[in-house]
Protein chains: 2
Amino acid sequence: MVREILDLVGDKWTLYIIAALKEGPVRFNEMRRRIDGISQRMLTINLRGLERDGLVKRTLFPTIPPRVDYELTEMGGTLLAPVMALVTWANSNQENIRGARVRYDAS
Amino acid sequence: MVREILDLVGDKWTLYIIAALKEGPVRFNEMRRRIDGISQRMLTINLRGLERDGLVKRTLFPTIPPRVDYELTEMGGTLLAPVMALVTWANSNQENIRGARVRYDAS
DNA sequence: CGGCATCCGCTTAGATACTG
DNA sequence: CAGTATCTAAGCGGATGCCG
């Protein structure tokens, strides 16, 4: 079960979705734009999963055209810190990693 | 590039490998046993990738039979904290997530 | 023991088209 | 705008066999 959850939070897109929601509610297409490279299909599937797991809340405004807001739930908010720690780590270590790769590939 | 790194840490097995190395050097087959469900092939491939990225150090002892130790590099060690934060989060929230799923599936 | 090479099925995700 | 449906290829990963 813990395994299942780690597979979830360690999923390719989950990190980006959580990070994209850190400022507050975001509409569907706005998220697509924020998460470079994600397809409509993948965003939908992953958002459904996160909603099912109680990490993301979906709010439909039945206007025309329809509007849907996604935001972190309370539990989703508690995941933000660990996720952002990872993002920060990635930012600060990109140079080191690039260097390591160059050295490795050279040998 | 940051994207590439996040894909790395968000990889299915990376989190487990890093976590498995937190106590110190571990031999290949010992890791296999610690990481439930990973195949030899996947462990090898992922360890190579992490070695290339400078996160894991591989030490070969040319004895018979051969012995190979894997351990976190200094940079790999700095990734431990964020990763363990995620693991801890997964542990503390498994009940909430299970509950959320039951509620979602019921509706 | 700690791999690498090959084969292969099956999931996954991207592209595309369609809808309320 | 925010999806759903369908198709397809690409690759992920498991199984197996062999090797130093």
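Convention: sequence-line order gives letters A, B, ...; per-chain numbering from 1. In this text the structure is predicted, and so the values were computed from the model without any measurement.
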Donor-acceptor contact present, side-chain Asn91(B) to main-chain Val87(B), <3.5 Å: yes

For residues 34-46 of chain B, the side chain to side chain donor-acceptor pair (under 3.5 Å) pairs (sequence neighbours left out) are Glu30(B)-Arg34(B)

DNA chain D: first to last nucleotide in contact with chain B (atom under 4.0 angstrom from a heavy atom), 5' to 3', is dG13(D) to dG20(D)

Residue pair Asp53(A) / Met75(A), side-chain heavy-atom distance below 4.5 Å: no

Set out, line by line, the N/O atom pairs under 3.5 Å between protein and nucleotides 10-20 of chain C.
residue: dA13(C); atom: N7; partner: Arg41(A); partner atom: NH2; Å: 3.0

Side-chain N or O of Arg48(B) versus OP1/OP2 of dC4(C): is the shortest distance under 4.0 Å? yes

Atom pair CG (Asp7(B)) and OH (Tyr16(A)), whose distance is rounded to the nearest 0.5 Å: 4.0 Å

Presence of Tyr70(B) side-chain N/O under 4.0 Å of dG3(C) phosphate oxygens OP1/OP2: yes

Just how far is it from atom CD1 of Ile35(B) to atom CD1 of Ile17(B), taken to the nearest 0.5 Å? 5.0 Å

Kindly state which residues belonging to residues 16-36 of chain A come within less than 4.0 angstrom of DNA chain C, counting heavy atoms of the residue only, listed by number. none

Taking only residues two or more places apart in sequence or in another chain, which ones pass side chain to side chain donor-acceptor pair (under 3.5 Å) with Asn93(A)? Trp89(A)

When the distance from CG of Leu60(B) to P of dG3(C) is rounded to whole Å, what number comes out? 8 Å

Distance from Phe61(A) atom CZ to Thr59(A) atom OG1, nearest 0.5 Å? 5.5 Å

Find the distance between CZ (Arg52(A)) and CG (Leu50(A)) and round it off to the nearest 0.5 Å. 11.5 Å

Between NZ on residue Lys57(A) and OG1 on residue Thr73(A), distance to nearest 0.5 Å: 9.5 Å

Base, sugar-phosphate, or nothing for Phe61(B), non-hydrogen atoms under 4.0 angstrom? nothing

With sequence neighbours excluded, residues passing side chain to side chain donor-acceptor pair (under 3.5 Å) with Asn96(A): none

